[in-house]
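Read the structure below first, then the notes.
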Amino acid sequence: MKHLATLLVILAGCSTTATHTGKLTADEAGSLALRLANEKAQTLYNCQPFHNASPARFLQGHWSWYQSKGLGLGDIEATVEFGPDGTEPIVTVARLDSLPKLP
């Protein structure tokens, strides 16, 4: 959470408008989601596979972001959601194995 607060302070300082509404832009939300997804993947799977942040989508009052990447013999996918200002993040990272099941 300490890193999230730091990022929000940095993002607030990067605003190109005279006033900041406290809401993130789609690009800012995408960058935050990418960082959160990589942090979770590092913790769970010792990797940071997500790159080139795509903008997040603002749906039903919150930001939503998804990315999937090939990793070894499978895929790794991340779903990140948080409030309009980046608070209350929910980060899900899952490794999908494509190996055939043995009988």
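Values below: every heavy atom of this structure, side chains too, minus hydrogens, waters and symmetry copies.
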Could you pull out every donor-acceptor pair under 3.5 Å between side chains of residues 70-80 and any protein atom, sequence neighbours left out?
residue: E77; atom: OE1; partner: Y66; partner atom: OH; Å: 2.8

Next on the checklist: With rounding to the nearest 0.5 angstrom, report the NZ to SG distance, K69 to C47.
Outcome noted: 12.5 Å
Next on the checklist: Looking at every non-hydrogen atom in both residues, tell me the closest pair between W65 and S54 and how far apart they are.
Outcome noted: NE1-O, 3.1 Å
Next on the checklist: When you measure from the side chain of W63 to the backbone of F58, do you find a donor-acceptor pair of N or O atoms at a distance under 3.5 Å?
Outcome noted: no
Checklist outcome for this item: Value for CD (E81) from CD (Q60), rounded to nearest 0.5 Å, stands at 9.5 Å
Checklist entry - side chain to side chain contact (heavy atoms under 4.5 Å, CB included) between L24 and F82: does it pass, once the steps are laid out? => result CA-CA 10 Å; L24 301 174; F82 45 78; 3.8 Å; yes
Checklist entry - Measuring from R35:CZ to K40:NZ, what's the distance to the nearest 0.5 Å? => result 13.5 Å
Next on the checklist: Do Q42 and N38 pair up side chain to side chain, a donor and an acceptor below 3.5 Å, judged on atom types alone?
Outcome noted: no
Checklist entry - For residues T87 and D85, is any side-chain donor paired with an opposing acceptor at under 3.5 Å? => result yes
Checklist entry - What residues, two or more places apart in sequence or in another chain, satisfy side chain to side chain donor-acceptor pair (under 3.5 Å) together with N52? => result none
Checklist entry - Which atom pair, heavy atoms only, marks the closest approach of A37 to V93? => result O-CG2, 3.8 Å
Next on the checklist: With a 4.5 Å cut-off on side-chain heavy-atom distances among I, L, V, M, F, W and Y, is there a chain of contacts connecting F50 to L96?
Outcome noted: no
Checklist entry - Can you tell me how far the NE2 atom of H62 sits from the CD atom of E88, to the nearest 0.5 Å? => result 11.5 Å
